[in-house]
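So the structure is just underneath, and the comments pick up after that.
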Amino acid sequence: MFEDLDRQALWDCPSLAKISVEPSTGQLGRFDSVVVLVREGFCDRDLQVSFVSDEERRALIELASDVEMKPKLGSWALTRVKADGVSSSSGGFRSLVLCGIGSNQKQWTPIEAFHIGQTIATLNVGATKKTSVVAIRVRVEDGLTGPVLRSLVEGLLVGGYKDTRFKSEEHGNHVAQFLIKPSTEVKIVVEGTADSLPSRADLAAVETVISGMILTKQLINAPANVTTPAELAAVAATLARMFPESLSLKVLEEADCKRLRMNAFLAVGQGSSLPSKFIHLTYRAEGAIKKKLALVGKAITFDSGGINLKTGPGCMLELMKFDMGGAATILGVAKTIAQLRTPGVELHFIAAACENMCSGSSYRPGDVVQCSNGKTIEIGNTDAEGRVTLSDALVYAESLGVDAIVDIATLTGAAIVALGHDYAPFWTPDSDLAMQIESAARMAGENIWRMPLIESHRELIQSDIADIKNHGSRAGGSVNAALFLQSFIKNTPWSHIDIAGTGWNEKRGGATGYGVRLLVQWILGLSEAKAEV
């Protein structure tokens with residue numbers, strides 16, 4: 001299958017558009033498209049853009065009036081006017097776009113800015129094959145800050161990503177692409193006096209984060225017959241070859257895992273014809289190490305549910321390629337951190353990769369399996385497999401003597417029921433770690449919400465014949481899963497992030513890359529690096 005695909009090129013990040021942030025000079029610009037951000041309750045004065053002609057200002061006012069523009073977050077309206085100084089590829093016309101940024105009663109947040117950037121990217125401004133220039137007018141009075149501008153740039157870069165790698169040459173030429181072409185120059189023009197604007201170095205760091213997010217999206221979007229456990233290990237090996245000065249890789253084969261008594265992990269994968277792989281990618285900065293951290297990602301490359309086969313409406317069986325979203329996220333983080341040459345940290349990226357398939361050799365409901373720490377697990381449901389593989393991965397991570405462990409996983413449908421698709425729930429008994437993660441999420445522009453580890457729910461995962469069981473009551477299902485994972489941690493500060501709802505965008509039909517920016521920001525906050533990207 002897909003013999004003509006270049007496997008290495010399959011995971012390359014496409015070229016990005018050129019984006020700059022600059023103050024307005026008040027001079028008329030030679031732009032092919034102009035995007036004006038407006039708040040609810042805006043008036044004609046708010047459309048007096050300094051770098052367009054009087055005729056274009058009138059066109060903006062007419063546009064707002066004709067469509068009765070109500071600028072809730074992400075809304076937009078577009079018109080085209082004849083203009084001088086526009087490239088021939090635009091036919092002598094300039095596109096004028098109004099884009100809503102929501103209420104005028106609050107400051108603009110990084111999360112909102114990221115969403116707005118995504119909206120602008122999907123409008124296809126600057127999608128011509130020849131060089132074009134797009135200007136985006138933002139105002140200091142709208143609550144402009146450095147993190148907001150960075151999030152706007154991130155949204156612009158990642159929002160127009162279009163995965164055409166698996167289309168034939170006629171429709172996609174086996175490569176991914178962006179709606180905003182690499183030949184497009186995007187200028188974010190700031191009106192008003194700003195304390196500081198992102199430098200070229202700041203924007204380069206943003207581009208680095210985006211390249212990590214794109215890798216994550218590509219891994220999750222790829223079909224399960226491409227992103228196999230072996231392919232995940234191969235991608236990790238590629239990263240180690242790209243950054244030999246800081247990344248090293250150990251891949252444990254099934255025989256290695258058996259010697260280490262990782263029987264819980266091995267049980268999940270035994271129903272598949274594909275061999276399981278235990279991936280351990282290590283980043284070590286030059287110089288003194290201040291923090292040792294472990295990131296553990298769930299890596300079920302396809303989840304059929306096993307003997308408890310996923311069936312019926314809403315089971316999302318055809319989307320179960322995304323059940324390795326945690327592993328894809330930590331590989332995206334590894335790529336980003338290595339590119340940034342982040343100082344002062346040693347990072348361990350761990351993924352127990354396998355398929356959960358239904359066959360004569362599959363593990364069964366009622367089986368008892370033993371984790372590498374000796375704890376026995378009763379299998380109440382083979383479709384609660386992620387936590388079983390993570391048990392061995394967490395024990396392995398803690399054995400490395402790290403200062404903190406964060407696991408990230410598409411773990412439970414209950415997380416979607418609880419918080420939907422906009423917020424990721426997370427659990428930790430450690431208040432300091434909780435504050436670090438919440439702060440990183442705010443700075444990165446990703447929504448997260450701390451959930452309780454409810455002590456009374458521990459009895460729901462007690463087993464009559466084993467030390468613990470992997471499936472409890474449906475009530476509080478995501479809490480029960482977190483409690484199960486916590487039982488495999490001894491003393492190390494630990495947190496679990498469930499991205500079942502935030503990792504996939506149902507409306508746009510693809511992976512979001514959620515978690516890369518958050519975890520990169522968390523790591524930078526604990527390192528000696530600049531605290532923001």
Side-chain angles (χ1 to χ4, degrees), residues 254-272 276 278 296 298-300 303-311 315 323 352-399 405 407 409-415 427 429 452-492 494 496 498 500:
E254 289 180 343
D256 302 315
C257 295
K258 192 169 184 177
R259 281 195 293 271
L260 292 173
R261 302 175 63 199
M262 294 183 178
N263 297 309
F265 163 51
L266 291 174
V268 174
Q270 70 189 33
S272 172
S276 301
F278 192 95
V296 179
K298 178 183 171 183
I300 305 297
D303 180 19
S304 71
I307 299 295
N308 292 109
L309 191 68
K310 294 179 184 288
T311 59
C315 74
D323 216 17
C354 65
E355 290 187 320
N356 183 27
M357 301 298 282
C358 184
S359 74
S361 59
S362 296
Y363 77 140
R364 298 163 289 259
D367 282 359
V368 174
V369 299
Q370 190 172 37
C371 180
S372 51
N373 67 349
K375 182 172 289 191
T376 56
I377 305 167
E378 178 189 359
I379 304 302
N381 189 317
T382 62
D383 196 23
E385 84 298 330
R387 66 200 72 177
V388 179
T389 64
L390 287 170
S391 67
D392 273 324
L394 289 172
V395 170
Y396 180 91
E398 190 167 31
S399 73
I405 301 169
D407 77 71
T410 49
L411 203 64
T412 66
W427 292 259
L453 290 160
I454 304 172
E455 284 299 318
S456 61
H457 277 233
R458 292 192 189 277
E459 66 184 37
L460 300 177
I461 53 175
Q462 289 180 354
S463 169
D464 293 332
I465 63 169
D467 297 326
I468 196 170
K469 63 182 178 181
N470 76 326
H471 188 262
S473 167
R474 287 177 59 86
S478 61
V479 176
N480 302 337
L483 289 168
F484 177 91
L485 296 178
Q486 187 188 21
S487 72
F488 292 89
I489 297 291
K490 289 182 178 179
N491 303 309
T492 307
W494 157 85
H496 161 60
D498 194 329

Item to complete: Apply the test side-chain contact (heavy atoms from CB on, under 4.5 Å) to residues W494 and L394: give CA-CA distance (whole Å), side-chain angles for both, the deciding distance (0.1 Å), then the verdict.
Response: CA-CA 10 Å; W494 157 85; L394 289 172; 4.2 Å; yes
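- Formation of a donor-acceptor pair under 3.5 Å by the S272 side chain with backbone atoms of G269 is not found in this model.
- No donor-acceptor pair closer than 3.5 Å links the side chain of S304 to the backbone N or O of L309.
- Ion pairing between D303 and K310 holds under the 4.0 Å rule for side-chain N and carboxylate O.
- Not one N or O on the side chain of D392 forms a donor-acceptor pair closer than 3.5 Å with the backbone of T389.
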Worksheet item: Yes or no on side-chain contact (heavy atoms from CB on, under 4.5 Å) for N480 and R458, after CA distance, side-chain angles and deciding distance?
Response: CA-CA 7 Å; N480 302 337; R458 292 192 189 277; over 6 Å; no
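- Under the 3.5 Å distance criterion, the side-chain polar atoms of K258 are left unmatched by any main-chain donor or acceptor of L266.
- Not one N or O on the side chain of D323 forms a donor-acceptor pair closer than 3.5 Å with the backbone of I300.
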Worksheet item: Going through the distances and angles, do S372 and Y396 end up as a side-chain contact (heavy atoms from CB on, under 4.5 Å)?
Response: CA-CA 8 Å; S372 51; Y396 180 91; 6.0 Å; no
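- Here K298 pairs with E385 in a salt bridge; the nearest charged N to carboxylate O distance falls below 4.0 Å.
- Not a single donor-acceptor pair under 3.5 Å links the side chain of E378 to the backbone N or O of V368.
- The backbone N or O of N381 lies less than 3.5 Å from a partner atom in the side chain of N470, making a donor-acceptor pair.
- Side chain of T376 to main chain of D467: a donor-acceptor pair is present (N/O by atom type, distance under 3.5 Å, no hydrogens or angles).
- Expressed to the nearest 0.5 Å, how far CD of E355 lies from OG of S362 amounts to 11.0 Å.
- For the residue pair D498/T412, the side-chain donor-acceptor check at 3.5 Å is satisfied.
- The backbone N or O of P452 sits less than 3.5 Å from a side-chain atom of W427, completing a donor-acceptor pair.
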Practice prompt. Just do the side-chain contact (heavy atoms from CB on, under 4.5 Å) check on L411 and S478 with the steps written out, would you?
Written response: CA-CA 8 Å; L411 203 64; S478 61; over 6 Å; no
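- A side-chain donor from one of T492 and E398 sits under 3.5 Å from a side-chain acceptor of the other.
- Side chain of Y363 to backbone of T382: a donor-acceptor contact under 3.5 angstrom is found.
- With rounding to the nearest 0.5 Å, the separation of CD1 in I468 from CD1 in I461 is 4.0 Å.
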